[in-house]
Amino acid sequence: MSEYNPASIEPKWQKFWSENKTFKTDDTDKSKPKYYVLDMFPYPSGAGLHVGHPEGYTATDIIARYKRMNGFNVLHPMGWDAFGLPAEQYAVKTGTHPKITTERNIEGFRRQLQALGFSYDWDREVNTTDPAYFKWTQWIFLKLYEKGLAYQADVPVNWCPELGTVLANEEVIDGKSEVGGFPVVRKPMRQWMLKITAYAERLLNDLEMLDWPESIKEMQRNWIGKSTGADISFSLVGIDNKTIDVFTTRPDTLFGATYMVLSPEHPLVEELTTSEQKNEVEAYIEKAALKSDLDRTDLNKDKTGVFTGGFAINPATGNQIPVWVADYVLMSYGTGAIMAVPGHDERDWEFAKKFGIEIVEVIEGGDINAEAFTGDGVCVNSSNSEVSLDDLSVSDAKKTIINWLEEKGIGSGSINYKLRDWLFSRQRYWGEPFPIIHTEDGPKPLPTSELPIELPEVKQYKPSGTGESPLATIEEWVQTTDPETGKPARRETNTMPQWAGSCWYYLRYIDPDYTLGPVDPEKEKYWMPVDLYVGGAEHAVLHLLYARFWHKVLYDCGVVSTPEPFMKLVNQGMILGEMEFTAFKNTAGDYVDAREIDENTEVESVKLTEDQVEKKGDRFVLKGTDTGIDARSFKMSKSRGNVINPDDVVEKYGADALRLYEMFMGPLEQVKPWSMSGVEGVNRFLKRVYRTFIDDKTGKLHDAVKEAEPSKAQLKALHETIKKVSEDIDGFRFNTAISALMIFNNEAMRWDVRPVSIMKDFLLILNPFAPHLAEELWQALGNEQTMSYEKWPVFEAKYLVADEMTYAVQVNGKVRGQITVSMDDHKNKDVVLGLAKAEPSVRRYLDAGTLIKEIFVPGKIVNLVVKG
RNA sequence: GCCGCUGUGGUGGAAUUGGUAGACACGUUGGACUUAAAAUCCAAUGGAGCUUAAAACUCCGUGCCGGUUCGAGUCCGGCCAGCGGUACCA
């Protein structure tokens with residue numbers, strides 16, 4: 001008795017691949033075309049791998065193995081994004097050095113990944129916390145600094161008292177920290193910034209050359225947020241040498257600007273405020289400063305503001321217009337001041353209504369008494385002695401008014417971006433130190449010969465609490481000397497954010513031991529750009545935008561040869577937990593329909609098993625009742641207790657089954673719920689494949705598998721499968737590729753003779769999906785070498801040709817019968833229609849009415865239109 | 001609110017350019033093997049109707065309403081629901 005036993009097969013082949021360095025990438029052979037297939041490297045957490053990781057990793061592994069067999073030189077590496085908050089928080093709690101935690105976690109991750117049989121070149125492993133790695137992260141920072149793209153600024157930052165650190169905008173969700181969900185407040189601090197805004201236009205334009213999902217490109221476009229309009233200067237009443245400068249996308253509505261608004265932080269507020277208004281304005285500003293970002297952008301969009309008492313002059317109308325302070329204008333966008341056109345801007349309209357400010361119509365087409373009109377129309381009430389916009393369309397009016405503004409020297413066409421500069425420092429221990437010292441003359445970059453700047457040992461990892469990092473408490477590290485002048489200096493105590501290391505790791509894989517720069521320029525030219533990059537959609541904007549930014553900077557420095565790093569991007573969809581059924585009981589203990597529950601209803605949730613429920617119409621109900629229940633799957637989380645551990649799956653069903661199931665679940669990009677019985681399903685398939693080759697009574701090769709001339713039907717089955725699997729891998733449709741493999745095996749199992757030539761090709765196309773089993777059976781067929789570099793079978797159309805084909809025959813668009821036509825006649829209209837009309841099941845419909853039209857699509861269908 | 005994606009059996013999902021909806025799996029039911037179970041194998045399985053039963057047949061069916069077409073899951077218009085992103089960006 002010998003059954004399919006992944007527990008013995010899989011470690012055997014993992015050992016073989018590792019000992020023989022089967023997947024070591026050869027850099028010297030540049031005759032082959034290259035293919036660089038990259039995974040988003042993981043943060044090695046203490047919790048280990050979850051089933052979401054192997055989803056993308058299996059997809060790329062299939063591609064990597066497929067490309068190798070198709071003659072490509074494949075670069076398929078793996079590494080660790082190992083700086084980050086969790087290790088540091090653990091250190092704060094336990095005193096364990098993050099380095100130790102990180103090493104332990106990496107060990108775990110590596111073991112888990114290797115147990116899944118991924119064909120990584122493990123000799124290229126990188127680790128962002130390795131000084132030999134972050135030396136070059138620091139080196140790249142110096143490049144940024146050199147180019148004037150890194151600067152210090154006092155910026156209101158997201159200060160999280162609980163974490164004792166500052167967070168990036170992206171790490172703040174709904175006014176709370178992404179990690180831990182702690183409250184975040186605004187606090188001005190001296191910070192390192194990266195001038196990503198200088199690259200806004202290129203980051204936007206170059207999206208067009210990328211083969212990325214349109215949705216991701218759109219998200220990046222929205223994030224960059226380009227808008228076209230004009231800058232306009234408004235002179236002030238009683239203050240001669242200053243103006244309020246605004247950015248507007250609607251210069252065409254200038255005649256309708258009836259007031260202005262300054263953000264509470266705007267530098268001109270103080271000067272404009274009259275003594276009568278002083279108390280009120282100061283109180284308002286103080287209140288606004290205390291508000292967190294959450295409060296300021298709260299769902300509650302009720303406008304607040306106060307009049308400064310000051311006036312500006314609308315350059316178009318010459319009217320004096322009041323200047324207000326309101327927190328609906330943000331200091332961080334544009335100039336921090338706006339011209340308000342209540343007739344044609346919803347926010348201004350709302351504000352003007354509330355405070356009784358004049359609303360003027362300057363674009364025809366709406367009812368400005370009822371609401372702001374933001375649509376297209378024709379200008380009205382828009383002329384003075386020098387310029388008239390009346391009767392012009394919005395777009396013509398924009399051009400005309402900008403010309404006028406430029407002539408007068410009080411404005412010009414202008415472009416603005418939502419994208420802000422990147423807040424690049426963190427007050428943490430576990431990150432890359434900045435290669436910067438502070439001297440009497442200000443911040444100064446250290447020479448590259450000093451790199452890497454390593455982290456000192458500290459006694460405690462707690463943030464200093466003042467907002468400075470724990471590094472600030474290590475006097476002997478902070479105190480240093482300027483290597484150039486020998487004068488005393490202080491080290492920068494901030495560290496870089498986790499994004500830094502992940503911004504360029506794909507370059508380091510190309511030559512992880514290179515000592516003369518981040519990457520060997522020769523090898524870079526061969527391997528870049530990354531041909532395929534697979535990862536989660538959660539990195540749609542930030543990681544991918546930051547990495548693109550760094551890459552462009554390196555491109556400008558001549559370090560890399562391509563303007564974009566990642567040519568094709570695929571996002572895998574999240575894997576949810578198993579479907580859960582939940583019923584609800586009210587306080588009296590009676591079941592209530594799920595549809596009747598809103599957030600005010602007090603209910604108790606009751607978990608149900610699958611056999612306690614049934615489907616009624618389009619909803620699920622308690623079996624035998626009419627009580628609707630909730631049926632859905634949830635994101636896996638510890639608290640919900642629905643996390644699937646890949647180790648358990650491997651132990652029970654094997655790595656090949658896990659790989660296969662993750663790919664069989666559905667389209668890669670889609671969100672899909674986990675189902676353990678689905679794993680059993682693919683496991684059964686693998687067992688059947690095993691039995692197709694191996695006689696389970698003897699454990700030897702099955703008698704049916706032998707050298708023999710394949711039949712026509714066998715060749716057809718094989719080549720159909722080769723075609724389908726090849727096309728589906730190319731199109732990332734792994735689920736349907738697996739289905740084709742199943743169909744083939746179901747058929748092959750029934751053959752009394754399974755010719756070796758046929759079965760070999762089947763193993764070759766199975767290999768990318770279930771490599772352990774494929775190698776095992778390949779060996780059982782008498783092969784001694786790994787199959788990883790065998791040539792991928794070529795599909796030949798000649799084997800697919802059938803002798804006859806079946807046409808569906810429709811009457812009035814409904815299928816009423818089928819006819820079989822020989823291949824010789826299948827395009828012969830008379831023959832096909834004759835057979836169709838003679839078919840008894842069709843005949844009846846013809847007899848019942850009059851045939852008025854015959855539709856014949858060769859190779860597809862027959863449709864007869866009958867009337868009466 | 002705005003932008004994007006997705007709605008197909010009891011479940012996950014298939015279905016080239018519009019051409020036999022439900023491939024492949026899961027689950028369920030029945031059967032075979034077995035002392036029994038597991039494993040394995042075979043068969044049935046969208047819903048409703050008709051029929052003693054079977055075969056055959058009929059009607060309905062891809063979120064909803066309408067349209068184009070000989071023919072629509074697929075194309076067009078209008079909705080609804082779920083998910084993701086974003087949110088006073090001037």
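Proteins get letters first, then strands, A, B, ... in listed order; numbering begins at 1 in each.
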With a cut-off of less than 4.0 Å, is there a side-chain N or O of [X] near OP1 or OP2 of [N]?
| X | N | result |
| --- | --- | --- |
| Arg221(A) | C3(B) | no |
| Asn735(A) | A14(B) | yes |
| Lys814(A) | A21(B) | no |
| Ser227(A) | A90(B) | yes |
| Lys672(A) | G12(B) | no |

Any donor-acceptor N/O pair, [X] side chain to [Y] backbone, under 3.5 Å:
| X | Y | result |
| --- | --- | --- |
| Asn314(A) | Leu254(A) | yes |
| Tyr4(A) | Val689(A) | no |
| Tyr690(A) | Asp695(A) | no |
| Asn735(A) | Met663(A) | no |
| Asn863(A) | Gly813(A) | yes |
| His344(A) | Val362(A) | yes |

Please report, rounded to the nearest Å, how far the [atom2] atom of [N] is from the [atom1] atom of [X].
| X | N | atom1 | atom2 | value |
| --- | --- | --- | --- | --- |
| Phe620(A) | G9(B) | CZ | P | 10 Å |
| Leu766(A) | C24(B) | CG | P | 18 Å |
| Met665(A) | A14(B) | CE | C1' | 16 Å |
| Leu544(A) | G85(B) | CG | P | 15 Å |
| Asp345(A) | C2(B) | CG | C1' | 15 Å |
| Glu669(A) | G85(B) | CD | C1' | 18 Å |
| Phe769(A) | A25(B) | CZ | P | 15 Å |
| Ile216(A) | C3(B) | CD1 | C1' | 13 Å |

For the side chain of [X], starting at C-beta, report the closest nucleotide among [options].
| X | options | result |
| --- | --- | --- |
| Phe247(A) | C88(B), A90(B), C24(B) | A90(B) |
| Trp223(A) | C88(B), A90(B), U86(B) | U86(B) |
| Thr248(A) | A90(B), U11(B), U20(B) | A90(B) |
| Lys303(A) | C83(B), C88(B), A90(B) | C88(B) |
| Glu218(A) | C3(B), G12(B), G85(B) | C3(B) |
| Thr806(A) | C83(B), G13(B), U20(B) | U20(B) |
| Tyr333(A) | G12(B), A90(B), C42(B) | A90(B) |
| Arg691(A) | G4(B), C57(B), C41(B) | C41(B) |
| Pro667(A) | C59(B), A14(B), A25(B) | A14(B) |
| Lys853(A) | A90(B), A23(B), C70(B) | C70(B) |

(request) Check Ile359(A) against Pro342(A) and note the closest heavy-atom contact, atom names and distance. (result)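 For Ile359(A) versus Pro342(A), the nearest heavy atoms are CG1-CB, 3.8 Å.
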(message) Between Phe744(A) and Ile765(A), does the side chain to side chain contact (heavy atoms under 4.5 Å, CB included) criterion hold? Intermediate values first, please.
(response) CA-CA 11 Å; Phe744(A) 176 87; Ile765(A) 58 176; over 6 Å; no
(message) Give me the stems containing RNA chain B, sorted by first residue, counting only three or more consecutive Watson-Crick or G-U pairs with both distances under 3.5 Å; say none if there aren't any.
(response)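 When the pairs of RNA chain B are grouped into runs of at least three, the stems are B:1-7 with B:80-86, B:10-12 with B:24-26, B:27-32 with B:40-45, B:46-49 with B:57-60, B:63-67 with B:75-79.
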(message) Distance to the ring centre below 6.0 angstrom and angle to the axis at most 45 degrees; does that hold for Lys723(A) and Phe795(A)?
(response)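 Pair Lys723(A)/Phe795(A) counts as cation-pi.
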(request) Tell me whether the guanidinium CZ or amine NZ of Lys303(A) lies under 6.0 angstrom from the six-membered ring centre of Phe351(A) and within 45° of its axis. (result)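 Relative to the ring axis of Phe351(A), which defines the angle, Lys303(A) lies outside at least one limit.
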Using the [atom1] atom in both, what is the distance from [N] to [M], to the nearest Å?
| N | M | atom1 | answer |
| --- | --- | --- | --- |
| U20(B) | U62(B) | C1' | 15 Å |
| U29(B) | A23(B) | C1' | 22 Å |
| C59(B) | C75(B) | C1' | 27 Å |
| G27(B) | G12(B) | C1' | 11 Å |
| C2(B) | C60(B) | P | 38 Å |
| G47(B) | A54(B) | P | 15 Å |
| G18(B) | C76(B) | P | 11 Å |
| G61(B) | A72(B) | C1' | 14 Å |

salt_bridge([X], [Y]) N-O dist < 4.0 Å:
| X | Y | value |
| --- | --- | --- |
| Lys607(A) | Glu580(A) | yes |
| Lys837(A) | Glu854(A) | yes |
| Glu727(A) | Arg733(A) | no |

(message) Quick check on RNA chain B: between Asp348(A) and Gln818(A), whose nearest nucleotide comes earlier from the 5' end?
(response)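 Comparing both residues, the 5'-ward one is Gln818(A).
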For [X], answer base if it contacts any base atom (sugar-phosphate contacts may also be present), sugar-phosphate if it contacts only those atoms, and nothing otherwise; contact means non-hydrogen atoms under 4.0 Å.
| X | answer |
| --- | --- |
| Tyr417(A) | nothing |
| Pro213(A) | nothing |
| Asn746(A) | sugar-phosphate |
| Arg733(A) | nothing |

(message) Ring centres under 6.0 Å, that's the criterion: do Tyr259(A) and Phe355(A) meet it?
(response)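 No - the distance between ring centres of Tyr259(A) and Phe355(A) does not fall below the 6.0 Å cut-off.
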(request) Please test Trp349(A) against Phe373(A) for side chain to side chain contact (heavy atoms under 4.5 Å, CB included), starting from the C-alpha separation and ending with a verdict. (result) CA-CA 9 Å; Trp349(A) 189 89; Phe373(A) 174 65; over 6 Å; no
(request) If the glycosidic angle is within 90 degrees of 0 it's syn, otherwise anti, so just tell me which one G85(B) is. (result)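 This nucleotide is in anti.
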(message) Any N or O donor-acceptor pair under 3.5 Å from the base of G13(B) to the side chain of Gln670(A)?
(response)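 Per atom types, no contact qualifies.
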Listing time: all N or O pairs from protein to nucleotides 26-32 of chain B that are below 3.5 Å?
| unit_1 | atom_1 | unit_2 | atom_2 | d |
| --- | --- | --- | --- | --- |
| C26(B) | OP1 | Arg684(A) | NH1 | 2.7 |
| C26(B) | O2' | Ser677(A) | OG | 2.8 |
| G27(B) | OP2 | Arg684(A) | NH1 | 3.3 |

(message) Which residues in residues 855-865 of chain A have a heavy atom closer than 4.0 Å to any atom of RNA chain B?
(response)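 Heavy-atom cutoff 4.0 Å gives Ile855(A), Val857(A), Lys860(A), Ile861(A), Asn863(A), Val865(A).
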